[in-house]
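Read the structure below first, then the notes.
Bear in mind the structure is a predicted one, so any value in this text is a computation, not a measurement. Count residues from 1 along the sequence.
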Amino acid sequence: MSRVYKPRTTCPAKYDPLWTRKESGGKSPCIKGKPAAWTGSVLSNCVGYCYGRVAELNNGNMLRIGHPSTIAYPLDAQNWFTARDGLERGSVPKLGAVACWKRRDLRSGHVAMVEKVNADGSWMSSESSYLGIAFRNKTYNKNSYKWNYIFQGFIYPPYVNEYVEAEELAVGDKVVITGPYCANSLGIGKKYSAAVGWTRQILQIYPGRPYPYRVGYGSATIGFFKKESLEKKE
């Protein structure tokens, strides 16, 4: 059965066990992030982030990815693509796959999650970086990270064939609000929404806006949302 893919566009919640080390009461075998997003966090670190996101997409269960057969923790990102973890590799971006790069100078590489695949073959990532940031989204293609990096390909966890993109939304569709953020009633700025879990209706669509979907009931607007914060209700 297919599952609708929900791109991650926000940093994991503080103390989420998928991104917290086992030594601190979490589930992750990865090293401590730097700077640590919270006590025991594996963020900021690309390996720690991807390991947790793969588990999140795998029904909350940790999956051995980026491991050689002889150790219980994942390798440095430089070696994820060549690790003998039994998972399929390829050159095509798929929802929930892990994109891998190695460095020409053989230092630490980089891994990132594929959250959205675009018509031109590029993809939107979610990722983290050691000595950098805990979370961000970025758009890549196969030539990205060109300076001192070599793109290797994608790792496909078993779930990649289960996920499909959300259906296109249209004016009049009933939607469940799943994302916590929206723009205000004028389509400006960003604010926290108290409407998560509510069922409302798409009143208007503004292509090109960061938050293009005007959602409400009757003629009353409760906010402007991104597509990934809305789930079509059958």
Side-chain angles (χ1 to χ4, degrees), residues 2-12 18-19 28-30 42-69 71 73-130 132-166 227-228:
S2 296
R3 292 188 281 172
V4 174
Y5 192 85
K6 296 180 181 179
R8 176 167 276 282
T9 58
T10 58
C11 187
L18 299 182
W19 288 277
S28 180
C30 300
V42 298
L43 309 175
S44 306
N45 185 16
C46 66
V47 165
Y49 173 74
C50 287
Y51 205 80
R53 177 61 171 150
V54 166
E56 183 177 46
L57 293 168
N58 193 43
N59 297 315
N61 300 312
M62 289 291 177
L63 181 68
R64 286 178 60 89
I65 183 171
H67 288 258
S69 60
I71 63 172
Y73 52 86
L75 293 165
D76 184 275
Q78 177 83 0
N79 300 303
W80 266 42
F81 194 74
T82 55
R84 295 180 179 180
D85 54 20
L87 302 179
E88 184 183 354
R89 266 72 169 162
S91 59
V92 178
K94 298 181 180 181
L95 296 175
V98 182
C100 302
W101 293 264
K102 67 177 180 179
R103 283 178 59 123
R104 298 177 192 277
D105 58 10
L106 302 182
R107 296 176 62 188
S108 297
H110 186 60
V111 287
M113 299 299 301
V114 177
E115 298 291 350
K116 180 181 179 182
V117 179
N118 301 315
D120 63 0
S122 63
W123 68 91
M124 183 186 81
S125 76
S126 66
E127 60 187 83
S128 183
S129 59
Y130 195 73
I133 57 174
F135 178 88
R136 72 174 177 184
N137 294 116
K138 186 175 179 179
T139 298
Y140 288 104
N141 58 48
K142 292 179 181 179
N143 295 318
S144 298
Y145 262 36
K146 190 173 183 179
W147 182 83
N148 206 29
Y149 282 83
I150 300 172
F151 178 73
Q152 296 167 287
F154 302 94
I155 304 174
Y156 304 131
Y159 58 67
V160 293
N161 295 319
E162 299 175 15
Y163 282 105
V164 295
E165 288 196 76
K227 180 179 178 181
E228 53 262 34

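The side-chain heavy atoms of Leu57 and Tyr5, taken from C-beta on, include a pair separated by under 4.5 Å. Side-chain contact check for Phe81 versus Lys102: every heavy-atom pair is 4.5 Å or farther apart. The closest side-chain heavy-atom distance from Ser44 to Tyr130 is not below 4.5 Å. Annotation: side chain of Pro158 is not in contact with side chain of Val160 (no heavy-atom distance under 4.5 Å). Counting heavy atoms from C-beta on, the side chains of Val47 and Trp80 come closer than 4.5 Å. Residues Ser28 and Leu18 form no side-chain contact, since every pair of their non-hydrogen atoms from C-beta on lies 4.5 Å or further apart.
In this structure, Asn161 and Lys94 approach most closely via the heavy-atom pair OD1-NZ, 4.1 Å. The two residues Pro93 and Gly121 have their closest heavy-atom pair at CG-O, 3.8 Å. The nearest pair of heavy atoms linking Leu63 to Val54 is CD2-CG1, 3.8 Å. Of all heavy-atom pairs between Val111 and Cys46, the closest is O-CB, 3.5 Å. Heavy atoms only, all atoms of each residue included: Arg103 and Asn148 are closest at NH2-ND2, 3.1 Å. Nearest heavy-atom pair, Ala83 versus His67, reported as atom, atom and distance to 0.1 Å: CB-O, 3.6 Å.
In this structure, Lys116 places its NZ atom where only 12 or fewer heavy-atom neighbours from other residues, nucleotides or ligands lie under 6.0 Å away. Annotation for Arg104: atom CZ counts as buried by contact number, over 12 foreign heavy atoms lying within 6.0 Å. Residue Tyr73 qualifies as open at atom OH: its count of foreign heavy atoms under 6.0 Å is 12 or below.
The OH atom of Tyr49 sits 6.0 Å away from the CH2 atom of Trp19 when rounded to the nearest 0.5 Å. One distance of note links CG of Asn45 with OG of Ser128; it measures 6.5 Å at 0.5 Å rounding. Atom CG of Asn118 sits about 10.0 Å away from atom CG of Asn141, to the nearest 0.5 Å. Rounding to the nearest 0.5 Å gives a distance of 11.5 Å between OG of Ser108 and CG of Leu75. In this structure, Arg107 CZ and Asp76 CG are separated by 10.5 Å, a value rounded to the nearest 0.5 Å. A distance of 10.0 Å separates CD in Glu228 from OG1 in Thr10, rounded to the nearest 0.5 Å.
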side-chain contact (heavy atoms from CB on, under 4.5 Å) between Glu115 and Leu95, worked out: CA-CA 6 Å; Glu115 298 291 350; Leu95 296 175; over 6 Å; no
Tyr51 vs Ile65, side-chain contact (heavy atoms from CB on, under 4.5 Å): CA-CA, chis, key distance, verdict: CA-CA 7 Å; Tyr51 205 80; Ile65 183 171; 3.8 Å; yes
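Using a distance-only test at 3.5 Å, with no hydrogens or angles considered, a donor-acceptor pair links the side chain of Tyr159 to the main chain of Gly96. A donor-acceptor distance shorter than 3.5 angstrom exists from the side chain of Ser125 to the backbone of Lys138, with no hydrogens or angles considered. Panel note: side chain Asn59, backbone Asn61; no donor-acceptor pair is recorded below 3.5 Å.
Aromatic ring centres of Phe154 and Trp123: separated by under 6.0 Å.
Considering Glu56, Met113, Glu127 as possible partners of Arg8, the one that fulfils the side-chain contact (heavy atoms from CB on, under 4.5 Å) test is Glu56.
Side-chain contact, Arg53 with Asn58: no donor N or O sits under 3.5 Å from an acceptor N or O. The closest side-chain donor-acceptor pair between Asn137 and Ser126, if any, does not fall under 3.5 angstrom.
Listed by first then second residue, pairs satisfying ring-ring contact (aromatic ring centres under 6.0 Å, His included) with a partner in residues 82-112 read Trp101-His110, Trp101-Tyr140, Trp101-Tyr145, Trp101-Phe151, His110-Tyr145, not counting sequence neighbours.
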